[in-house]
Amino acid sequence: MTNHALLSPSAANMWFECPASLWLSKDEPDQSSAYAAEGTTAHALAEYCFKFGKQASVLIGMKTAVNDIEVDEEMAEAVQSYVDTVNGIKDSMTTLYVFDIEQRLDFSDLLDLSANINTVNTSYTPKKSFGTADVIILGDGGLQVHDLKYGKGVRVSAENNRQLLIYALAAYYYYSLGCEINKISIHIHQPRLNHYSEFSVTPEDLIAFGKQLKDKAGEAYAVYINGPRKADDFCAGESQCRFCKAAGKCETLAKHVENVIDADFTNLDDEVIEDVNNDEGEALAKKFKAIAMIKSWIKAVETRVQAQLQLGNSVPGFKLVLSRQGNRAWANEEDAENTLKSFRLKQDEMYSRKLISPTQALKVLKGSEIRIKKLEEIITRPEGKPTIVPESDKRPAISPADDFTDLTQEEI
Ligand code: SF4
């Protein structure tokens with residue numbers, strides 16, 4: 001999951017939409033995050049469950065081989081739900097040929113970069129392009145690619161998802177050498193968002209996507225080697241700029257944000273009144289869509305300013321200081337316990353007891369249906385709050401009338 005290829009499938013939206021993104025990101029350091037590390041652990045846990053047929057809960061409180069992050073209950077539950085879904089699909093098949101986990105797929109030949117680039121630096125040899133599919137299932141005449149996304153930030157749709165289409169294409173060429181494949185589907189699992197998305201594509205459409213992939217990869221690669229030559233080598237937009245490592249320094253994105261704000265937020269008050277009066281939902285939708293991109297741009301700029309200041313470079317008008325100290329914690333719990341005991345503190349003074357949560361109680365009582373039924377009578381769960389999601393979301397829209405009643409009551 002680390003050591004990404006230059007034309008990495010997970011960044012496909014970026015180099016598909018903005019050919020200069022790879023060039024501008026060339027010297028930018030990899031941005032590792034705690035979320036990414038957590039995702040790596042979750043994938044390792046899933047791999048362990050698939051390969052050894054174990055329950056994810058077996059590893060709670062333990063570390064996997066990939067990093068120092070401990071598997072916790074939330075992770076075990078989410079990964080188990082993903083593993084169960086995929087195993088269920090596999091077990092329902094009449095004929096199963098392949099069930100591959102963490103399958104590395106080389107798609108260099110599909111890009112054929114050396115044929116595409118008109119390079120100034122002729123000594124440059126394209127590196128291999130590869131990606132790793134979480135699960136590949138081949139059976140009942142179909143090829144399936146499954147992807148676990150452990151994050152709970154944004155729902156990702158499988159529909160025309162370029163990352164998974166690249167995996168599917170590479171897998172299709174590889175596995176179709178040995179058997180006939182009539183249907184192909186890609187599946188995204190986001191267990192922490194209770195979200196599952198599936199998209200089917202015909203072999204013909206997948207091959208047509210391959211042609212587009214080759215063109216786009218060639219274009220991005222040529223700019224990467226030779227540098228940008230024309231203004232539209234840069235193209236800002238939500239899907240491509242969100243994960244671009246150069247977002248904090250990119251003038252095209254800064255200009256784009258400025259234009260969006262200028263066009264949509266000048267005289268905001270007047271506009272909103274006018275929009276509401278004229279029921280101009282379109283204008284509101286446009287502004288709402290821009291929020292995610294503006295937020296990620298703000299974060300990218302903040303990260304860059306901090307990095308520059310940490311390197312000792314000047315960012316006029318700003319400096320780095322230490323923030324407020326963090327919360328107190330015991331340097332060593334055992335030492336702390338012994339010291340407090342030596343003070344002859346009472347048990348109640350030394351320890352705090354807390355009732356277990358409903359989730360923990362249900363786990364403790366697993367298998368005891370009568371007691372669980374009794375317990376469920378005393379568990380409450382607040383209703384979900386109205387949340388804005390894209391129209392493609394599978395959940396049914398709530399009734400506006402009910403919703404407003406609830407909101408009014410809440411405010412009161
Ligand atoms: S920030 Fe956006 S416009 Fe700028 S290089 Fe990256 S993807 Fe392209």
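On a predicted model such as this, the values are computed, not experimentally measured, just so you know. When a residue number appears, it is its place in the shown sequence, counting from 1. When a ligand or atom number is given, it counts from 1 through the structure's own listing order.
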Strictly distance-based, threshold 3.5 Å: is any side-chain N or O of Q240 a donor or acceptor partner for the main-chain N or O of C235? yes
Which ligand 1 atoms does C235 reach within 4.0 Å, using its non-hydrogen atoms? 3 (S)
What about the rings of F107 and Y173, do their centers lie closer together than 6.0 Å? no
Between the CG atom in L111 and the CG atom in L7, the distance rounded to the nearest 0.5 Å is 6.0 Å
Y351-E337 side chain donor-acceptor pair, cut-off 3.5 Å: yes
Out of the candidates Y224, F234, W15, only one should pair with S21 under the side chain to side chain contact (heavy atoms under 4.5 Å, CB included) rule; please name it. W15
I need the minimum non-hydrogen distance between P191 and S81, along with the two atoms involved. CB-OG, 3.9 Å
Protein N, O or S atoms less than 2.8 Å from atom 6 (Fe) of ligand 1, ignoring waters? C244 SG
